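Data block below; observations after.
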Protein chains: 2
Amino acid sequence: MKPTIYDVAKKAGVSIATVSKVINNTGRISEKTKNKVWKVIGSLNYQQNVIATALTGKHTYTIGLLIPDLSNLFFAELARSIEDRGNELGYNLVICSTDYNPDKEAKYIELLKRKNVDGFILASGFENTLEVEKLIAEKYPVAIVARDVPAFNVNAVCIDDFQGGYDAASYLIELGHQKIAIIARDVWSNRERIRGFRKALEDHGGIREYAFSQFTLESNVPWGKKIALDYLNSPDPPTAFFACNDLLAIGAIEAIREKKLRVPEDISVVGFDNTVIATIIDPQLTTIAQPIQNMGREVMDLIVAEIKGEKQYKSRIVLNTKRIVRDSTTRLKKERSISKQKSNA
Amino acid sequence: MKPTIYDVAKKAGVSIATVSKVINNTGRISEKTKNKVWKVIGSLNYQQNVIATALTGKHTYTIGLLIPDLSNLFFAELARSIEDRGNELGYNLVICSTDYNPDKEAKYIELLKRKNVDGFILASGFENTLEVEKLIAEKYPVAIVARDVPAFNVNAVCIDDFQGGYDAASYLIELGHQKIAIIARDVWSNRERIRGFRKALEDHGGIREYAFSQFTLESNVPWGKKIALDYLNSPDPPTAFFACNDLLAIGAIEAIREKKLRVPEDISVVGFDNTVIATIIDPQLTTIAQPIQNMGREVMDLIVAEIKGEKQYKSRIVLNTKRIVRDSTTRLKKERSISKQKSNA
DNA sequence: TTGAAAGCGATACCAC
DNA sequence: GTGGTATCGCTTTCAA
C-alpha cells in the first residue's frame, strides 16, 4: 500500500501532527525535526493524498472545464492552452464536452460539484445563463471564456468581436471590395462581429451592405459551402466573403472552386479564429485571429486568483483580435471596379 | 453549505448509518424508512460527496488520460470518444498533454495517483515503457490506446498498422502505381505500416521498392512538404505518395502543387488516420482510417472492466483500419505506364 | 517545539 | 431493521 502520514510519523519517531506541519511548512518545527521527517518522506517515497487533504476543507487542485466539443479544433486548442497554464499553476482539468446541450451541462456541473472541483471554467457556448448564476450564487469560483458573457457580474475572458468584424470589413474595403457577403451562425458573438462589420461599412463612406441571406445552422464546412453557393448563384454575386469562422471560410472556398472561380483572384475570403487549419488549407486563409493562447492563460489566472481568494471582485478581460493576412485575399481587380463604375455612371 | 449525510439523518430522524444504507441500497431497511430518507434527500437536495466516499476506499470515478497533445486533432478526437464512453459509464477524465516528454508524463502520473484516480489510459506516444510497468506493478488499472504496445502483459487497444500499410500499398498498386514514395516519422507504428507496405509490394509480383530517403522529425504539414519536395526533385520522381498521417499527406499535396503538378491527375496521395481534416482539404484525401470512435469506446470499456474487477486477465484488442477512397488518388495515366514499359523493353 | 484529539463526510462492522 | 462507532488520511486547535 501507499505510505501514509502515519508510516512517516512512526518511522521518524514523531507524531502525525508534526509530519503534517513539516509537509505544509506551518507551525514551528525545529530544523532538526524537519530534516529528519523530510528524509523519511524521501526514503518512503511518501506522497500526500489529495483526497484526504481535500476532505479537511482544502482544495482539490482540479478545475472543471465545460466546452461544447473537444473534437472541435478551436476548443481543443483552447483547452490545451488552459491546461498548460493550469499545469504551471498546479491544477488539473476535468474536461467535459456538452454539445451545446444545457441538460448535459447541468449534469456535468452536478457531478463535478460532488467531486469538489475548486472551480469551473465555462466555455460552453449556449445562451442559457441559469447554471452560471446558480454556481455563482453558491460561491463557486467561475470564469467564462470564449462565450457570450452574461450581463451579471462574473469573471470572463473574451475577445472584442465587434473589433474583429470591423477589422475584417475594413481590410476588404481597403482591397477595393464593396460587395462582401457574410457567412455566420446565429450566436451572440457573431452578431457582434456583424455589427462591427456594418460599422466599418458605414465609416468607409456608407458602403451599401451586401444583401444578407441567412444564418448557418452549424459552423462547419458544408454549411459554409451551402450558403456561399447561394450567394454565388445570385444575379449579383459578391467579390468577397467574410466568414465568422475558419471552417465556414473553407466551405466558401470550396463553393467558389465549384463555380470554377479562383481564390483570391476572383473572390477573396476572410475567416475567423485562426485555428491551425487556416495554414493547412490551400490557399492559406486570411483570417481574424483569436488569441487562443492568451485566452487560456488569462482565464486560468482569473479563476486561480479567485480560488486562492486573492481577488474579491470580478474582472472582465477583453482581448484584441489580430488580422492575419495570408493568401485567400487580394485587391479587387481593376477591370471589375472600372466596369462597375461605368455601369454606375 | 452543502448538506451532508448528517443533515439528512437529523432531518429524517434516523442515524447516518441508515442514510448511508438507503443511498447505497445495502443492508436491510424498511420501505417506510427508505421513503422517508429519500424524501429528505430530495428536499435538502443532498448530493453524495465523492471525495469522502473515495476516502473510505471507494472509487473516484475519475480516470487519468495521458495524451501527447490535446491540440492535435487526432488526439482531440480520440479524447472525445473516450470521454463520451466514460460519460455513459459514469466516469470523468482528467486530461494531461505530455508533449511526448517522459518527465512530464511521470510528473502527471504522480499527481494523478495522489488524486486517487481509478486508473490510467495511456495514449502518450513515446517508447519509454518504464512508467507503464511501474503502474502495473502497483496494481493500477492501466490501458493503452493508439500507442506502441509494450511486450509485457497490459490492456491495450490498437489498430493493425501492418494491415493499414498493406492496404494503402495494395490500393495504389491496383491503380497502376509502381513508384510509390513513403513519408513517415520514425515511430513504431509507422515502422509497422511500412512493413505492411513492403509486404504488399512483394505480394504483387515483387515490385521494386521506391528509394526511401529519410524519416520526418515531426508529423506535420511542413515536414510532409519538405520530404515530398525532395522526392519530386529527384531524377526519377514517384507517381504516388503514401504518407503515414493526414498532415504529412497534406504537405505532400502542397509540394506537388508547388511543382505545378496536379493531385490526383499527375500524382496520387494516400494519407493515414482519417481525421476530419481529410474531408476539409481540397482535394479530399484518400486515407486509411483509424476507427477512432471504436478505439475510444473499447479502451474505456477495458479499463472500467478492470476497475470494477470484472476481469482478471489483460486483453489486447486489435482493430482493423479501413480504406477511405476520396479524391486524392486515381489510376496511373496510361501513357506513362506505356512509355515506361517501352523503356523497359 | 511537539503531540493528543477533534473533525472533514462517508462506509461498514457489529451490537441490539 | 436500525444505530453506535471505528476508520479512511489529513489538518488544525489547544495543551503541555
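Model, not experiment: these values are computed from the prediction. Sequence lines set the chain letters: A, B, ... in the order given, protein chains first and strands last, and positions in each chain run from 1. What's counted below: heavy atoms across the whole structure, side chains too, no hydrogens, waters or symmetry copies.
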When we call it a touch if two heavy atoms are under 4.0 Å apart, what does Val14(A) touch: a base, just sugar-phosphate, or nothing?
-> sugar-phosphate
Please confirm whether the backbone N or O of Glu105(B) pairs with a side-chain atom of Thr98(B), one donor and one acceptor, at under 3.5 Å?
-> no
How long is the line joining CG of Asn25(B) and P of dA12(C), in whole Å?
-> 13 Å
Does a salt bridge link Arg80(A) with Glu77(A), judged by any charged N lying under 4.0 Å from a carboxylate O?
-> no
Whole-Å gap separating P (dA4(C)) and NZ (Lys21(A)) = 11 Å
Could you state the CZ-C1' distance from Arg28(B) to dC13(C), rounded to the nearest angstrom?
-> 15 Å
Whole angstrom is fine here: how far is it from NE2 in His59(B) over to C1' in dC8(D)?
-> 15 Å
Would you indicate, yes or no, if dA4(C) has its OP1 or OP2 atom less than 4.0 angstrom from a side-chain nitrogen or oxygen of Ser15(A)?
-> no
Which residues within residues 30-37 of chain B lie with some heavy atom under 4.0 Å of an atom in DNA chain D?
-> Ser30(B), Thr33(B)
What are the atom names and distances for every N/O pair under 3.5 Å that joins the protein to nucleotides 8-10 of chain C?
unit_1, atom_1, unit_2, atom_2, d
dC8(C), O2, Leu55(A), O, 3.3
dG9(C), N2, Ala52(B), O, 3.3
dA10(C), OP1, Tyr46(B), OH, 2.5
dA10(C), OP1, Asn49(B), N, 3.1
dA10(C), OP2, Ile5(B), N, 2.4
dA10(C), O5', Tyr46(B), OH, 3.4

Please report, rounded to the nearest Å, how far the P atom of dT12(D) is from the CD1 atom of Ile29(A).
-> 13 Å
Is the NZ atom of Lys39(A) crowded by more than 12 outside heavy atoms at less than 6.0 Å?
-> no
Is a side-chain donor-acceptor pair under 3.5 Å present for Ser97(B) with Glu83(A)?
-> yes
Side-chain H-bond candidate by donor/acceptor type, Asp118(B) with Thr60(B), under 3.5 Å | yes
Check whether the side chains of Thr275(A) and Asp273(A) place a donor and an acceptor atom closer than 3.5 Å, and report yes or no.
-> no
Looking just at side-chain N and O atoms, do Thr62(B) and Lys115(A) make a donor-acceptor pair shorter than 3.5 Å?
-> yes
Exam field: side chain Lys311(A) to backbone Tyr313(A), donor-acceptor pair closer than 3.5 Å = yes
